[in-house]
Amino acid sequence: MKNKLVLIDGNSIAYRAFFALPLLNNDKGVYTNAVLGFTTMLLKIIENESPTHMLVAFDAGKTTFRHKTYTEYKGGRQKTPSELSEQFPVIREVLDAFQIKRYEIKNYEADDIIGTVSDLASKEDWEVKIYSGDKDLLQLVSDNVHVALTKKGITDIDTYDPAFLREKYGLSPDQIIDMKALMGDNSDNIPGVPGVGEKTALKLLKQFGTVDAVFESLDDVSGKKLKEKLEENQEQAMMSKELVTIFKETPLELGITDLGYSGYDHEAVATLFSELGFKSLLNRIGGTEVEDEKIDDLDFETINEIEAKHLVSPSAMIVEVMEENYHNAEIQGISLVNENGNYFIPTDLALQSQLFRDFLEDGTQKKWVFDAKRAVVALGWKDISLEGITFDLVIASYLLNPSESTHDLSAISRREGFSIVSSDESIYGKGAKRKLPEVEEFSDHLVRKAYAVYQLKEKLEEQLKHNEQYELFHDLEMPLTLVLGEMETKGVSVDTNFLEKMGEELNEKLSKIEAKVFELAGTEFNINSPKQLGEVLFEKLELPVIKKTKTGYSTSADVLEKLESKHEIIPEILLYRQLGKLNSTYVEGLLKVIYSDTGKIHTRFNQALTQTGRLSSTDPNLQNIPIRLEEGRKIRKAFIPSQKDWVMFAADYSQIELRVLAHIAQDKNLIEAFQHDEDIHTKTAMNVFNVDKEDVTSNMRRHAKAVNFGIVYGISDYGLSQSIDVSRKEAGEFIDRYLESFPGVKNYMEDVVTKAKEDGYVSTMLQRRRYLPEINSRNFNQRGFAERTAMNTPIQGTAADIIKLAMVQMETRLKEEKLETRMLLQVHDELIFEAPQDEIETLKRIVPEVMESAIKLDVPLKVDYEYGSTWYDAK
DNA sequence: CTGGACACGC
DNA sequence: GACGTACGTGTCCAGG
């Protein structure tokens, strides 16, 4: 078998990785994005290429032999950002762990090393593959030597052999040098011939073949100006040629046989990944997380009989529910840590003890927990009302660090410098292998968890106070978590029969549409497979390709809509998609999660997930039940009150985000519009298009609405152009005109970005934070995204704060008024209740009152409400 | 079991 | 001019 040598341009790939990935740092605060990208690519190369030999070449130092020719070589180049340069040593560590040779040599560049080595290997008839982001290397392409260039990011790669190079540029490998000599290279400060770009260079080479030939027959060059430029810059072009030519006789101290690669040291790599916090890569190589050193022993007592001395206030407590979904779930054990000791209590013993139940239900006995809602709901299903929770570690961690991907106890404690506890995954396993461990290991784990909570409570509260977030934590999020627990436990009643009937009707319609699609297509295929659908539409039926995805043709709705008039199959497919979605996600999906004994659905609200402070909902997601299209909206008829003669009551904030914006930005025009309760989209259209109210057309209003939408969600000119199908330029003009009409908003947008650049984070009115490390990035994309986030998060986040306040106050008010009405759901700007008929008049009064007065702004908050026999009718 | 494409809500 | 563009969750398919 032939030897296969893989050569990697280390600097180039590291740069690519750095700019392609967001500026991640691991839990030690060290930047790792370039390392992560580099390593991901390395693994991929090893998997795909199975090389027998490998080498990573790096540039060495600042000056090279090329500087003798041209002192300005690579001049004007921005200094390597320190966030990247500090990652190079780590990349070297990775390579060492992988047992891959790396090499650099003074005065030469990585290119030269690669050129020299590939030449040697090629002569021995080895197969050579070069990985880089630099087109210069294409000059090395030959039958033996193929070059893989990153296109964008790091995973998108083109591999060049001589044929592909010809196809792409119409050039031979040698001519790459000629091309660069003519067009120059901005990034290396290679001048070339001014005024000659890629197009002209290609044209000239097609005609003459080489740079030398161009200058030999200058008279044959068409275009007077071009001829002049070439004449003036002949010397410069020849020098450029010299600069871009890769030097193939670099004095190497190693031979190609020294580059043997025979796999990596699995343990060394796993340890390094674990240290760096590369969980997904660790998973990929099948390693398990190496736990930090733990405190050796934690003494604890397994209780046989519960006594008063075990139950003191305050206690850190873990009520362990292993299942992800804690509704109606088994409690596997309980642990307590307090001033008297560390205890493990078997579940049966605990729940049979009246003493213990009284302790749980006694609000004066303070409990510190991890994931209060989980404990409250799990116990709630057993008719135990857990009271007295004053601290939840999940919530504290989320407020302090919302961007953290997990708020599991092990990670939090490690972050805070206490390596007290292992991750649940390492103790319980994951996926199908998840199971309850032996009781010794299990009890130890539970006690450690409680111990961690006990230790960390003070520390995190300090941090919250330092950030001025303690009120947010104590007065809002902590009470809210209990309110959410009650909502989840109560659940929403669902009309199973209705859903089943709807399912039957949908299935009938779907099979009819399917038959029609097959007939029109002239073949049977899976309409749900974008791949198969793409083949039918764009190959078999030869419809024009509007957009492509990474993996093939795009068949998304916006693409199909553009093809609607081209073929009668398209509307059928769109309808099939729409009804299929309804059937699988909503009809079948909801039926699956109904608890058959009660006919209810119990969602879970995640309070520690979104970056903006909103809630999310899972199992099922009740925050995305259809409403826009009538067919889908019918799903809402399945949501019914849990008792006879009760009704569904829904109340929503009108334009809460724009009202918040008016207040925060203190924009006079916007404030005035809301004070007079004007139609805000019409008002926006009047300002943006500079017309009177009577002259606002429906199209203007539609565009204005999209602009408002964009302001609220922080989309870009591109995003806006997509949503209203205008050019990007027009969309940009809309935004500019909007900002001119609302100067307060414009000022706010500028100020908030400036402040974010100084502080590194933005805040909502209630001091919720979002950190934006990328706001000072040199990467256009990352910075732009961070800037839009800076503008948008205080708005959306404050709106989230407000409805959360309203929820806490609403729950209190319902109790005060001794109403039976129950709050069931929150959908971002909307609250849904079920209520006895005779409480409706009261609700009509107090719901808007509570919601509108949740916070005082300089504009009024406005709430609309409706009620009816199903959620559909409460519209 | 995972990632991509798609679609639903705000 | 780059480059990829609000936040979520769930479903299906296709690949390993």
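Throughout, protein chains are lettered first and strands after them, A, B, ... in sequence-line order, and every chain is numbered starting at 1.
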**Report entry** Proximity to the side chain of A:Ile627 - top-ranked nucleotide from C:dC7, C:dT9, B:dG9
**Finding:** B:dG9
Query raised in the report: Taking the inter-plane angle between the rings of A:Phe833 and A:Phe649 on a 0 to 90° scale, is it parallel (under 30°), tilted (30 to 60°) or perpendicular (over 60°)?
Result: perpendicular
Query raised in the report: Just checking A:Ser716: base, sugar-phosphate only, or nothing, at a heavy-atom cut-off of under 4.0 Å?
Result: base
Report task. Give a yes-or-no answer on whether the side chains of A:Asp134 and A:Ser12 include a donor-acceptor pair shorter than 3.5 Å. Result -> no
Report summary line: Per side-chain hydrogen bond (donor to acceptor under 3.5 Å, both in side chains), A:Gln796 is matched among A:Arg614, A:Glu657, A:Gln611 by A:Arg614
Requested in this report: Anything under 30° is parallel, anything over 60° is perpendicular, the rest tilted; go ahead and classify A:His327 against A:His602.
Outcome: tilted
Query raised in the report: Quick one: does A:Asn624 reach the base of B:dC8 with a side-chain donor-acceptor pair under 3.5 Å?
Result: yes
Report task. For DNA chain C, list all stems, counting runs of three or more consecutive pairs where every pair is Watson-Crick or G-U wobble with both distances under 3.5 Å. Result -> B:1-9 with C:7-15
Requested in this report: Could you verify whether a donor N or O on one side chain and an acceptor N or O on the other, from A:Ser763 and A:Arg769, lie under 3.5 Å apart?
Outcome: no
**Report entry** Proximal nucleotide (of B:dC8, C:dA14, B:dC6) relative to the A:Lys531 side chain
**Finding:** C:dA14
**Report entry** Nucleotide nearest A:Asn621 (side chain, heavy atoms from C-beta), chosen from B:dG9, B:dC6, C:dG8
**Finding:** C:dG8
Report task. Indicate, with a heavy-atom threshold strictly under 4.0 Å, whether A:Glu657 touches base, sugar-phosphate, or nothing. Result -> nothing
Query - Heavy-atom donor-acceptor pair, A:Arg614 side-chain to B:dC10 base, under 3.5 Å - result: yes
Query raised in the report: Would you say the side chain of A:Arg788 and the base of C:dG4 hold a donor-acceptor pair, judged only by whether the two atoms sit under 3.5 Å apart?
Result: no
Query raised in the report: Between atom CG of A:Leu560 and atom CG of A:Leu533, what is the distance when rounded to the nearest 0.5 Å?
Result: 6.5 Å
